[in-house]
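Sequence lines set the chain letters: A, B, ... in the order given, protein chains first and strands last, and positions in each chain run from 1.
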Amino acid sequence: MNIHEFQAKALFEQYGVPVPKGASATTPEEVVNALAQLPEGPTMVKSQIHAGGRGKGTFTNGSKGGVKFCKTKHDAKEMSANMLGNTLVTIQTGPAGRKVQTVYFTVACDIKKEYYLAILLDRVSSRPVIVASTEGGVEIETVAHDSPEKIHKVVIDPAYGLADFQVRDLIFKLGLAGAEAKNAAKLIRNLYTMFWETDAAMVEVNPLITTPTGEVLALDAKVSFDSNALYRHPEIVSLRDLNEEDPKEIEASKYSLNYIALDGKIACLVNGAGLAMSTMDIIQHFGGTPANFLDVGGGASKDQVVAAFKIILGDKNVKGILVNIFGGIMDCNVIATGIVEAAKETGLTLPLVVRLEGNNVAAGKATLAASGLKLVSGESMADAAQKIVKLVA
Amino acid sequence: MSILITPETKILIQGITGEFGARHTKLSLDYGTKVVAGVTPGKGGQFFEHGAHRVPIFNSVADAAKATGATVSAIFVPPPFAGDAILECVDAGLDLAVAITEGIPIKDMIRVKRAMQGKPTRLVGPNCPGMVCAGTGKDSHGGCRIGIAPGYINKKGHVGVVSRSGTLTYEAVFQLTSKGIGQSTTVGIGGDPVNGTSHLDVVKLFAADPDTHGIIMIGEIGGNAEVEAARWLKANCNKPVAGFIAGATAPAGRRMGPAGAIVGGAEDTAAAKIAVFKECGIEVAVTPSDMADALLRAAKAKGVTLS
């Protein structure tokens, strides 16, 4: 689960990670109140959406930049009017962009130097890892590619936690000394505590900055949480912003379906994440484009299949449907009954190819055949994919 | 033979009285698997009954193992308690814990894995379909089925299958069996970012198993586990290997369901992994429908008989 920058920074402050003073607003009235909390002077205006590349983004009304520097609070107010309620397109949002529902004002700081700091899971060691670099404010992937020696990693033993010597070592590698070193060490320790206590999946600060007066501040904040652990963090669940999620994905989650919208034409309904991904792959392999990822899980019920069809058909780009079920334990006839019911309930007119295999498959195929539905049966995954690609072309 | 388990392996079920655990215990018993004990704290002394089967239930894994000689556990307990259930197997000194549970917090698994370091117990999973070692009866009856995979699609034979994904494993096994090619052992290692047994661990076991003549390795985008296994195979194993990587069309940065498959950097994309497979002499399945055929091509090239 992702949260906004302003929410992440509030969490940072709770854990003693210094951030520039800031305030958020969702309406023009709130803008006035938010700005009243900040001192007069240079102010940053930052669009709050769950996507990166905001600074280099473009609004659909033509104005450039989702993150702007303003010399005065007055300018910041005018700038925010241009952002609130408008749609920002960045490299991560896709062409549809994301509507900016919240703006965040912060005091614009004097920057001495920018750094990069992140904490995430190191999959190789199965331990948390701190990643830091003297090259901040730029894409970390670029740094990793061009100058890997400038990336420092600290793997943390979960039995002990982050050790002081590890923090000292990292501080030296980043070339920090004096007050900066002391402040950075405290910040890193506090950020790690937050990462660990909140079950964060990733915490990224880019840039982390030093100021001419020796302060160390998190200028940006990107935090995501392990969704498996949300049950023990109601305070984090309350930060969820449904405006940032695809309504179809929200609907799907109500039925315990894993759905992710894509921009192709062939919808797919599959059991199992790996099989669902490879169904998308095989559609593409035969020249089609997948419209979604949809995993109905290992024990799908009839209701789930009906809900899945409705969600799929809510996507107007969809020109055909491929159902691929390997019913290992799940009864193929239950799926078949669900398909028939769903097709009738939704008045399905789009081409439908069904590939059923596994437990009680003969009964499932008989149910489909007796339904009077205009559907095509696929024998293997390859056969089914080729058939739906041809029908949609 | 097979790896890690045989049809004679005695297993216990943690969470045997839960709906999910009970359903799959019945299926395993029907398959002929030696389910000798169940564990549900507070229900010790009761029995799990299914047809003619009467499986004793114990309060702890240690009690169950001591009384019945079970060496392997299948874990079906809910996510908040699953980490603890794994550690209980370690404490009882079991050979193997197979964690089926989906949705265990990553932090719990980080701690569990650390606590297991240096201990003899092996973990498979979590969030996995489990393992199957086929029997010789009708529809492979009499085998050892640990977890949630369908037993009947298996066939006793000489191909080792290792995969992160459940249904994709069934797809591969089904293709093999349909072509008359049996399996030595099928291992679903699970899709979570922190898991016990890796692709590399399993292919090492397959490489050393004289009864395994060929290997199908199924992977996904994210991480470098398949790449690590592929490089080891190139240097250490001359058996025919087929590989498949799911997720070529997955959008960057999105988590695809519970599989935890996320495209992070340039090195863990499907294309990058497939390139490494090819470089390591692994026959790549072009589509998921091609997995068994890919292994047949690899076997033919090496003059190996699979069936």
Quiz prompt | chain B contact via A:E357 - which portion, at a heavy-atom distance below 4.5 Å | solution = side chain
Quiz prompt | Flag side-chain contact, heavy atom, 4.5 Å: B:P105 against A:Y231 | solution = yes
Quiz item: B:Y152 side chain to A:N359 main-chain N or O, any donor-acceptor pair under 3.5 Å?
Solution: yes
Quiz prompt | Residues, nucleotides or ligands: over 12 heavy atoms within 6.0 Å of B:E19 CD | solution = no
Quiz prompt | Region of B:L27 that comes under 4.5 Å of a non-hydrogen atom in chain A | solution = side chain
Quiz item: Quick one: do A:D226 and B:K107 make a salt bridge, cutoff under 4.0 Å?
Solution: no
Quiz item: Do you know which of B:I218, B:D290, B:V286 has the most heavy-atom pairs with chain A at a distance under 4.5 angstrom?
Solution: B:V286
Quiz item: Just wondering, more than 12 heavy atoms not from B:R111 lying within 6.0 Å of its CZ?
Solution: no
Exercise. Could you label the plane-to-plane angle of the B:Y170 and A:F326 rings as parallel, tilted or perpendicular, counting under 30° as parallel and over 60° as perpendicular?
Key: tilted
Quiz item: For A:K365, does the NZ atom sit with more than 12 other heavy atoms under 6.0 Å from it, leaving out its own atoms?
Solution: yes
Quiz item: Are any non-hydrogen side-chain atoms of A:D199 and B:I106 less than 4.5 angstrom apart?
Solution: no
Practice problem: Before accepting this row, confirm whether a basic side-chain N of the pair A:R123/B:D192 lies closer than 4.0 Å to the acidic partner's carboxylate O. | Solution: no
Self-check item: B:P80 portion near chain A, given a 4.5 angstrom heavy-atom threshold
Solution: both
Quiz item: In terms of heavy-atom proximity below 4.5 Å to chain A, should B:V173 be classed as side chain, backbone, both, or neither?
Solution: neither
Exercise. Might you point out which heavy atoms bring B:A246 and A:S278 nearest each other, and give the distance in Å?
Key: CB-CB, 4.1 Å
Practice problem: Would you mind checking which part of A:V124 comes under 4.5 Å of any heavy atom in chain B, side chain (CB onward), backbone (N, CA, C, O), both or neither? | Solution: side chain
Quiz item: Checking B:Q175 against chain A: side chain, backbone, both or neither under 4.5 Å from a heavy atom?
Solution: neither
Quiz prompt | For the student: nearest non-hydrogen atoms of A:G272 and B:T167, plus distance | solution = CA-OG1, 3.4 Å
Practice problem: Can you tell me which residue pairs pass the salt bridge (charged side-chain N to carboxylate O under 4.0 Å, His left out) test with a partner in residues 258-285 of chain A, sequence neighbours excluded? | Solution: none
Practice problem: Give the minimum heavy-atom separation between B:P288 and A:I282, together with the two atoms involved. | Solution: CD-CD1, 4.0 Å
Practice problem: Between chain A and each of B:A225, B:A115, B:S163, B:S165, count heavy-atom pairs under 4.5 Å; write down the option with the most. | Solution: B:S165
Practice problem: Side-chain contact test, heavy atoms from C-beta onward, threshold under 4.5 Å: evaluate it for B:I110 versus A:S126 and give yes or no. | Solution: no
Practice problem: Heavy-atom distances under 4.5 Å only: say whether A:E379 touches chain B with side chain, backbone, both or neither. | Solution: neither
Quiz prompt | Distance-minimising heavy-atom pair for A:N228 and B:I104 | solution = ND2-O, 3.1 Å
Quiz prompt | Nearest heavy atoms of B:A250 and A:M277, plus distance in Å | solution = CB-SD, 4.5 Å
Exercise. Heavy atoms only: give me the nearest B:R114-A:A159 pair and the separation to one decimal.
Key: NE-CB, 3.7 Å
Quiz item: Is there side-chain contact between A:M381 and B:T287, with heavy atoms separated by less than 4.5 Å?
Solution: no
Quiz prompt | Heavy atoms from other residues, nucleotides or ligands near OH of A:Y255 exceed 12 (cutoff 6.0 Å) | solution = no
Practice problem: Using non-hydrogen atoms and a 4.5 Å limit, figure out which bit of B:A149 sits close to chain A: side chain, backbone, both or neither. | Solution: backbone
